[in-house]
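Note that these values count all heavy atoms, side chains included, but never hydrogens, waters or copies made by symmetry. Small disclaimer: the values here were computed from a predicted structure and weren't measured. The chains referred to below are lettered A, B, ... by the order of the sequence lines, with proteins before strands, and numbering in each begins at 1.
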Amino acid sequence: MPDNVLTLHYDIEGNDFTSAGEASGDVKRKLRMLGISPNTIRKLAVAMYEGEINQVIHANGGHIDVEITPQLIKIVLSDEGPGIPDVEAAMSEGFSTATEEIHNMGFGAGMGLPNMKKYSDTFELETEVGKGTVITMTVNIE
Amino acid sequence: MKLRDFVNDMGLRVFAGEDNLDTEVTGGYCGDLLSWVMGRAKPGDMWITIMSNLNTVAVAVMSDVAAVLMAEGVEPGDDVIQRARERDVVLLGSDEPIYELAAAVSKKLGEG
Ligand SMILES: Nc1ncnc2c1ncn2[C@@H]1O[C@H](COP(=O)(O)OP(=O)(O)OP(=O)(O)O)[C@@H](O)[C@H]1O
Ligand SMILES: [Mg+2]
């Protein structure tokens, strides 16, 4: 691997709302230290956090791999959760299967996946019911 | 207009971030649904909400808002205040409802 690529790995605990966001926050701090533009960092941080919190809420946890190159940041979110039966529905604004309890915490607006798509420059979602979900996003460095 | 001016002129409580009140406020956003906030709030916004949990702090971090202003007398728990301090998030509070706070913030922003 070329030495101008930085890779990071995080394991995300399912249903743990105390540490949710710590991985995304850590990446955000590292990008700031690298001198990346605030706008790029914000797009990346929001997109990654939406994926992270989805793993916490919907997938019983997961894994996040981050690759930082001089041109772009790549995020791979993988989980062994229930998968998404209807991707088109899940990608549309307002669709959510979140419970009442999750709503009370401020989640469940059905805006997470649309936000991930909006803030990333490329977005790919692969999912299989009963197997899990893998989302790959990239954000170009301005 | 800096956070400090809003705190002084609107009589806001400061739960966390006493040392970060020099941040410039450039707009405002009201909302309690966290993904709406991340999709719509702009960097530098005063985010007015009744949410006060740990996720609120995380959303403030990710979205680069200037501060979280908790309305209606909502008070964050010690764990939330602690996390906000660790993450340099400014947490403010007021007994006023969201509408009144938004109107006051908007008026002050207009004063430039
Ligand atoms: N990793 C995942 N595994 C299984 N299902 C998922 C996963 N991510 C999302 N989903 C499904 O897709 C739906 C839409 O996700 P999205 O993030 O857009 O909204 P939400 O999480 O329900 O609410 P919000 O993100 O606005 O708080 C979820 O309600 C859930 O059913
Ligand atoms: Mg979501």
- prompt: In terms of hydrophobic clustering (I, L, V, M, F, W, Y; side-chain heavy atoms under 4.5 Å; direct or indirect links), are A:V76 and A:L8 co-clustered?
  reply: no

Minimal non-hydrogen separation, A:V46 against B:M62, with atom names: CG2-O, 3.7 Å

task: Taking atom NZ of B:K2 as the centre, report whether more than 12 heavy atoms of other residues, nucleotides or ligands fall under 6.0 Å from it.
output: yes

task: Would you name the heavy atoms of A:Y119 and B:G39 that are closest together and state the gap between them?
output: OH-O, 3.3 Å

Nearest non-hydrogen partners of B:A58 and A:A20, listed with the distance: CB-O, 4.3 Å

CD on A:E22 to CD on B:E86, rounded to 0.5 Å: 7.5 Å

- line: Cut-off 4.5 Å, heavy atoms of chain A, and the answer for B:L33 is both

message: Any side-chain to backbone donor/acceptor pair from B:N55 onto A:G106? Under 3.5 Å, distance only.
response: no

field: Which atom of A:R42 lies closest to which atom of B:A41, heavy atoms considered
entry: NH2-O, 2.6 Å

message: Please determine whether the number of non-hydrogen atoms from other residues, nucleotides or ligands lying under 6.0 Å from atom CD of B:E72 exceeds 12.
response: yes

- request: Tell me, out of B:D64, B:N53, B:D79, who's got the most heavy-atom pairs with chain A below 4.5 Å.
  value: B:D64

A:T18 backbone acceptor or donor facing B:R83 side chain under 3.5 Å: yes

NZ/A:K74: more than 12 non-hydrogen atoms of other groups inside 6.0 Å: no

task: Pick one of side chain, backbone, both or neither for A:N104, based on which atoms fall under 4.5 Å of a heavy atom in chain B.
output: backbone

message: For residues A:L125 and A:Y49: do they belong to one hydrophobic cluster (side chain heavy atoms under 4.5 Å, members Ile, Leu, Val, Met, Phe, Trp, Tyr)?
response: yes

Hphob cluster co-occupancy, A:I57 + A:M105, side-chain heavy atoms under 4.5 angstrom: yes

- request: Decide if atom CD of A:E100 counts as having more than 12 heavy atoms of other residues, nucleotides or ligands within a radius under 6.0 Å.
  value: no

- prompt: From B:L34 CG over to A:M111 CE, what is the distance, rounded to the nearest 0.5 angstrom?
  reply: 12.0 Å

query: Where does A:I53 contact chain B at under 4.5 Å (heavy atoms): side chain, backbone, both or neither?
result: side chain

query: Please walk me through it: do A:R29 and B:R87 pass side-chain contact (heavy atoms from CB on, under 4.5 Å)?
result: CA-CA 10 Å; A:R29 277 191 297 283; B:R87 299 289 176 251; 3.7 Å; yes

Proximal component of B:M51, with respect to chain A [non-hydrogen, under 4.5 Å]: side chain

message: Using 0.5 Å steps for rounding, measure from the OG atom of B:S35 to the CG atom of A:L113.
response: 9.0 Å

